[in-house]
Amino acid sequence: ASIKENYKFTKKNRKAEKMINLTNKHTHIMHIKVVECNNLKAADFNGLSDPYVTIKYQKQQAKTSIKRHTLHPVWNEVYSFGITIDDNHENIKEENMLIQVYDWDLISKDDLLGQYNLHIYKDILQHKEDSLCGWFALKDEEFKDNTLGELYIVLFVEPINTTQVKFFIDNPILDHHVLEQREMMLGKVEKLYIQGIQQEENKTISLFIGSWNAGNAPPCKDLSLWLS
């Protein structure tokens, strides 16, 4: 089947689906799922906040919905970004993706509740992985204070070929087939993350009774194999 047959494009999906920003220079797509935050700072007089998340990478930006009156917002929203990765990763070693959590205000300027600077190479590619999942401490405007709550994200990076790039440039809004595949892949990443935590807990118990378990958390490689 052709790309257009695999990714059926309908007008019905145009209104709600996220944009994907690709150019002919991009070699990969990074899908990031903003899951939730925990223990955010109270920015309003009622002791709560109205948080939302922004994601910035180069000239690409995304923004989640606003969650009203909460310090523990849940989004489960997914966004996709085009990135370029060469064979030796030299071009990406200094690249960051800035993830910021704001409190929405009707009249005054929105307040920064915390932020996390995702290092694409150091956090992911350096470990020969193509995925990342977990809780990350939010820091202040100067990236010093890390007691501003936590952000839970899931992401994976997938290579794309020139045919896929051309298709997404011509059809920048993701349809339901693409979104379902993306959700499935992110679900696999999160499942492996949870399994890794459980293995670590079991390993700790084994060490306590004096036995040795050399098992590590499962690797997150070649996500395309999980589709079979």
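Below, all heavy atoms of this structure are taken into account, side chains as well, without hydrogens, waters or symmetry copies.
For Ser49 (side chain) and Lys41 (main-chain N/O), a donor-acceptor pair under 3.5 Å exists by modelled atom type. Although no hydrogens or angles enter the test, the distance criterion places no donor-acceptor pair under 3.5 Å between the side chain of Asp105 and the main chain of Ile107. Using modelled atom types, no side-chain atom of Gln115 and backbone atom of Val101 make a donor-acceptor pair closer than 3.5 Å. Checking side-chain atoms of Thr84 against main-chain N and O of Lys25 turns up a donor-acceptor pair under 3.5 Å. The main-chain N or O of Tyr52 is never found under 3.5 Å from a side-chain atom of Thr64 such that the two would form a donor-acceptor pair. Between the Asp140 side chain and the Glu142 main chain, a donor and an acceptor come within less than 3.5 Å of each other.
Nearest heavy-atom pair across Cys37 and Leu138 is SG-CD1, 4.5 Å. Contact detail for Val34 and Val53: the closest heavy-atom pair is CG1-CG2, 3.9 Å. Listed here is the closest heavy atom pair of Asp50 and His69: OD1-N, 2.8 Å. Annotation for Leu22 and Gly82: closest pair CD2-CA, 3.5 Å, computed over non-hydrogen atoms. Leu118 approaches Leu155 most closely through the heavy-atom pair CD2-CD2, 3.5 Å. Closest approach of Thr70 and His72 over heavy atoms only: OG1-N, 2.9 Å.
To the nearest 0.5 Å, the span separating CG on Asn161 from NZ on Lys166 amounts to 12.5 Å. Note that the CG atom of Asp103 and the NZ atom of Lys67 stand 15.0 Å from one another [nearest 0.5 Å]. Atom CD1 of residue Ile153 and atom CD1 of residue Ile32 lie 4.0 Å apart, to the nearest 0.5 angstrom. The distance from the CD1 atom of Ile120 to the CD1 atom of Ile92 is 4.5 Å, given to the nearest 0.5 Å. Taken to the nearest 0.5 Å, the OH atom of Tyr121 stands 10.5 Å off from the CD atom of Glu94.
In this structure, the salt bridge (Lys or Arg N to Asp or Glu O under 4.0 Å) partners of Lys33, at least two apart in sequence or on a different chain, are Glu183.
For the residue pair His28/Glu158, the side-chain donor-acceptor check at 3.5 Å is not satisfied. With hydrogens and angles left out, the side-chain atoms of Gln61 and Thr54 include no donor and acceptor closer than 3.5 Å.
Counting heavy atoms from C-beta on, the side chains of Ile66 and Pro51 never come closer than 4.5 Å. In this structure the side chain of Trp75 never reaches within 4.5 angstrom of the side chain of Val35, judged on heavy atoms.
Clustering ILVMFWY residues whenever any of their side-chain heavy atoms sit less than 4.5 angstrom apart, transitively, puts Val157 in the very cluster that holds Phe136. Connection of Leu48 to Leu106 is not established within any shared hydrophobic cluster, with ILVMFWY side chains joined at heavy-atom distances below 4.5 Å, either directly or through further cluster members.
Cation-pi geometry between Lys139 and Tyr116 is not met: the NZ or CZ atom fails to fall both under 6.0 Å from the ring centre and inside 45° of the normal.
Ring pair Tyr152/Trp135: centre-to-centre distance below 6.0 Å.
Within a 6.0 Å sphere centred on CG of Asp86, heavy atoms belonging to other residues, nucleotides or ligands number more than 12.
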